[in-house]
Amino acid sequence: MEKNWLKHYPAGVPAEINVTQYTSLVGLLDDSFKKYRAASAYKFMGKSFSYGLIDDLSRALAAYLQSLKLEKGDRVAIMMPNVPQYPVAVAAILRAGLVVVNVNPLYTPRELEYQLQDSGAKAIIIVENFAATLQQVIAKLPTEKVILAALGDMLGAPKAQIVNFVVRRVKKMVPAFELTGAVRFNTAIARGRGMALRAAAANPDDMAVLQYTGGTTGVSKGAVLLHRNLVASALQAEAWYQPALKDIPAGEQIVTVCALPLYHIFAFTFNMMLSMRMGGCNILIVNPRDIAGMLKDLARYKFHSFPAVNTLYNAVLRHPDFQRVDWSRLRISIGGGMAVQQVTADRWLEKTGCAICEAYGLSETSPGVTCNPIDRPVFTGTIGLPLPNTEVKLLDDDGNEVPLGTRGEIAIRGPQVMSGYWQHPEETALAMTPDGFFRSGDIGTMDDRGYVTVVDRKKDMIIVSGFKVYPSEVEDVVSRMAGVLECAAVGVADAETGEAVKLVLVRAEPSLSDAQVHAYCETNLTRYKRPKIVEFRTTLPKTAVGKVLRRELRGPG
């Protein structure tokens with residue numbers, strides 16, 4: 001394979017980097033905690049949290065986790081929004097020799113039960129806002145240990161008490177729950193301070209994170225991300241950032257807006273781990289849907305980096321408080337998770353002076369695969385060039401490489417590619433080529449410079465604001481509803497979210513209404529998976545062998 005993209009790399013970005021300089025993420029964390037101890041690692045609700053504090057708290061929590069008789073390799077789930085307890089929990093789990101299982105805090109009981117059962121998580125660290133969801137399913141789970149956090153836990157008195165009171169009593173954001181035996185987050189840390197942390201030597205090939213994603217069958221699967229995968233991804237991103245970092249004055253800390261959820265692999269690596277490596281600081285945004293609240297928070301700070309998805313960039317641009325924020329220091333605007341629209345990119349450049357640099361990645365690749373040169377003030381409409389140490393080729397249905405300019409399935413090989421799917425060897429075999437390339441399911445083209453463009457998807461997945469929705473999961477859930485004869489889900493274009501879920505139903509009961517369907521989906525599917533459009537038809541279009549023709553469902557019936 002001729003790596004034609006290397007000729008077009010930005011100045012100062014190497015073709016190959018040393019991805020073995022740390023044997024594990026623990027090594028990367030320890031190095032950063034030591035180097036940047038006095039620096040601010042996170043800002044949250046007006047308070048700064050230093051590297052030294054995150055180090056101390058995570059050591060105590062790691063010792064407490066070990067006291068629960070958890071053994072090396074056991075899985076521990078984290079179900080939190082962007083709060084400072086999240087990075088403390090991640091560092092603690094890894095330091096204790098355990099495995100992080102990222103959980104979307106907005107999951108329904110059905111979705112949570114599946115993920116905790118499948119992962120075999122023996123413990124969970126959860127914010128109390130979502131404890132009622134856990135209560136509904138915990139009796140069926142292997143998850144015996146619960147550590148319960150409140151949003152204000154780390155803010156110190158009296159602010160912690162005020163925030164928790166407002167969240168619980170005024171805004172009523174904590175539904176009533178009962179979790180017998182749950183230990184409070186601050187109590188766990190207090191107990192851990194009196195315990196010795198046993199060094200748990202993590203090896204490069206040890207599992208670090210189980211990152212759940214959809215699959216061709218619609219069954220959510222855990223991508224097994226090893227320590228070496230995530231170390232490589234953070235170091236690749238750091239190398240790619242170098243041209244833009246030259247514009248930041250020497251000695252000035254790199255500050256990043258963390259509005260993407262940390263449980264998503266994009267933010268996990270490009271916000272948390274990359275900032276840790278560079279000694280940067282993340283501004284934690286607990287609810288990015290509250291654009292006014294986010295912009296009010298950002299108005300306090302000067303920042304350099306803003307990773308986001310198209311829908312978030314667009315929402316920020318359209319908000320009347322946009323001008324309250326000082327965008328003058330912004331140097332890096334990474335767009336990922338979904339396609340960035342040209343109109344959004346043009347307006348962002350006009351308003352901030354910083355071009356959106358579109359990137360591409362997947363949970364299975366930790367996530368980085370390609371990115372546009374970060375120092376060029378243009379939006380290319382492509383997903384850019386393969387990152388250092390990364391090979392990309394386009395394959396036909398038989399696994400043969402196609403010529404430049406020809407459509408093919410994007411396949412990736414590199415140190416950031418997962419070791420496989422958790423307990424799904426057959427799915428792993430289908431996803432990997434004999435020579436070690438991961439088949440992404442996305443269809444693209446590559447030009448003679450090595451720039452890749454995504455043109456279609458081989459799979460039927462729907463991407464809503466950067467989150468993957470598999471039609472078969474939606475269909476499986478809705479088909480269980482009384483009054484539904486059969487159904488099919490497809491993605492349709494949506495100005496706000498890129499794509500939205502459209503559900504087409506054939507009724508068994510004529511009285512079934514779209515309001516009933518929406519209510520059922522609200523109970524059983526997390527927000528981004530719920531259909532925005534419900535359409536009733538008398539039949540579904542099918543092939544001669546009975547396969548639903550999804551392409552015929554995207555338009556009106």
Considering only distance and modelled atom types, tabulate donor-acceptor pairs under 3.5 Å from the side chains of residues 266-286, sequence neighbours left out.
| residue | atom | partner | partner atom | Å |
| --- | --- | --- | --- | --- |
| T269 | OG1 | S366 | O | 2.8 |
| N271 | ND2 | V257 | O | 3.2 |
| N271 | ND2 | N282 | OD1 | 3.1 |
| S275 | OG | N271 | O | 2.9 |
| S275 | OG | N282 | ND2 | 3.3 |
| R277 | NE | E238 | OE1 | 2.9 |
| R277 | NE | E238 | OE2 | 3.2 |
| R277 | NH1 | Y22 | OH | 2.7 |
| R277 | NH2 | Q21 | OE1 | 3.4 |
| R277 | NH2 | E238 | OE1 | 3.4 |
| N282 | ND2 | N271 | O | 3.0 |

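Of the possible polar contacts, one joining the S24 side chain to the V26 backbone as a donor-acceptor pair under 3.5 Å is found. Using a distance-only test at 3.5 Å, with no hydrogens or angles considered, no donor-acceptor pair links the side chain of T311 to the main chain of S465. E409 contributes no side-chain N or O that, together with a main-chain N or O of I443, makes up a donor-acceptor pair within less than 3.5 Å. Formation of a donor-acceptor pair under 3.5 Å by the S58 side chain with backbone atoms of I54 is found in this model.
Nearest approach of L226 to P204, heavy atoms of both residues: CB-O, 3.6 Å. For the pair R413 and G436, the tightest heavy-atom approach, listed with the atom from each and the gap, is CG-O, 3.6 Å. Contact record, P373 with L385: CG-CD1, 4.5 Å, taken as the closest heavy-atom pair. Contact between I147 and L65 at its shortest, heavy atoms only, is CD1-CD2, 3.8 Å. Across all their heavy atoms, G444 and L394 have their closest contact at O-CD1, 3.3 Å. Taking each heavy atom of F322 and L295 in turn, the nearest pair found is N-CD1, 3.8 Å.
Of the charged side-chain nitrogens involved, at least one lies within less than 4.0 Å of a carboxylate oxygen, so that K7 and E2 count as a salt-bridged pair. Ionic pairing of K34 and D30 is not present here: no N-O contact between side-chain nitrogen and carboxylate oxygen is shorter than 4.0 angstrom.
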Residues L28, D31; criterion side-chain contact (heavy atoms from CB on, under 4.5 Å); working and verdict: CA-CA 5 Å; L28 186 153; D31 188 38; 5.8 Å; no
Should I412 and E391 be marked as a side-chain contact (heavy atoms from CB on, under 4.5 Å) after you check the CA-CA gap, both sets of side-chain angles, and the distance that decides it? CA-CA 6 Å; I412 307 108; E391 298 171 89; over 6 Å; no
Test N164 against L155 for side-chain contact (heavy atoms from CB on, under 4.5 Å), laying out the working first. CA-CA 10 Å; N164 288 339; L155 294 174; over 6 Å; no
List the steps, then state whether side chain to side chain donor-acceptor pair (under 3.5 Å) holds for N372 with T382. CA-CA 8 Å; N372 278 274; T382 76; 3.3 Å; yes
Decide yes or no on side-chain contact (heavy atoms from CB on, under 4.5 Å) for R289 and R527, but give the supporting numbers first. CA-CA 12 Å; R289 292 188 183 87; R527 185 190 301 270; 3.7 Å; yes
Step by step, work out the side chain to side chain donor-acceptor pair (under 3.5 Å) result for Y86 and N102. CA-CA 10 Å; Y86 181 93; N102 280 316; 2.5 Å; yes
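Under the 4.5 Å side-chain criterion, counting only non-hydrogen atoms from C-beta, K246 is not in contact with R331. Two residues are said to be in side-chain contact when any heavy atoms from C-beta on lie closer than 4.5 Å; Y470 and I462 fail this criterion. A 4.5 Å side-chain heavy-atom check between M80 and Y263 finds every atom pair outside the cut-off. Using a 4.5 Å heavy-atom cutoff, the side chains of V76 and V100 are not in contact. Using a 4.5 Å cut-off on side-chain heavy atoms (C-beta onward), R95 and D55 make contact. By the 4.5 Å heavy-atom criterion applied to side chains, S363 and Y212 are not counted as neighbours. In this structure, E111 and L525 have side chains that are in contact, with non-hydrogen atoms separated by less than 4.5 Å. Counting heavy atoms from C-beta on, the side chains of I125 and I93 come closer than 4.5 Å.
Considering CG of D321 and CG of L298, their distance stands at 11.0 Å, rounded to 0.5 Å. Atom-to-atom distance recorded for D247:CG and E252:CD is 11.0 Å, nearest 0.5 angstrom. Going from atom CG of L151 over to atom CG of D153 covers 8.5 Å, rounded to the nearest 0.5 Å. Distance check: S233 OG to L225 CG gives 9.0 Å after rounding to the nearest 0.5 Å. Note that OG of S32 is 6.0 Å distant from OH of Y51, once rounded to the nearest 0.5 Å. Atom-to-atom distance recorded for M154:CE and F185:CZ is 6.0 Å, nearest 0.5 angstrom.
No side-chain donor from either of T23 and N203 sits under 3.5 Å from a side-chain acceptor of the other. A donor-acceptor pair shorter than 3.5 Å can be found between the side chains of Q416 and T390. Side-chain contact annotation: Y421 with E364, donor-acceptor N/O pair under 3.5 Å present. Of the N and O atoms on the side chains of W422 and S119, not one donor lies less than 3.5 Å from an acceptor on the other residue. With no hydrogens or angles considered, a side-chain donor-acceptor pair links Y360 and D442 at under 3.5 Å. Counted by atom type alone, R318 and N314 present one or more donor-acceptor pairs between their side chains at under 3.5 Å. A donor-acceptor contact closer than 3.5 angstrom links the side chains of N389 and E16.
Here P243 pairs with P10, V13, I374, D375 under the side-chain contact (heavy atoms from CB on, under 4.5 Å) rule; sequence neighbours left out.
Shown here is R37, whose CZ atom has more than 12 heavy atoms of other residues, nucleotides or ligands within 6.0 Å. Few gaps surround CZ on R300; more than 12 heavy atoms of other groups in view lie less than 6.0 Å from it. Counting heavy atoms of neighbouring residues, nucleotides and ligands inside a 6.0 Å radius, atom NZ of K159 exceeds 12 of them.
The aromatic ring centroids of F49 and Y42 lie 6.0 Å or more from each other. Note: H264 and F467 meet the aromatic proximity criterion, with ring centroids under 6.0 Å apart.
Between W327 and F306, the ring planes are parallel. Angles under 30° get that label, and only those over 60° would be called perpendicular.
With K532 as the fixed residue, the side-chain contact (heavy atoms from CB on, under 4.5 Å) test singles out one of V464, D494, V501, V492: D494.
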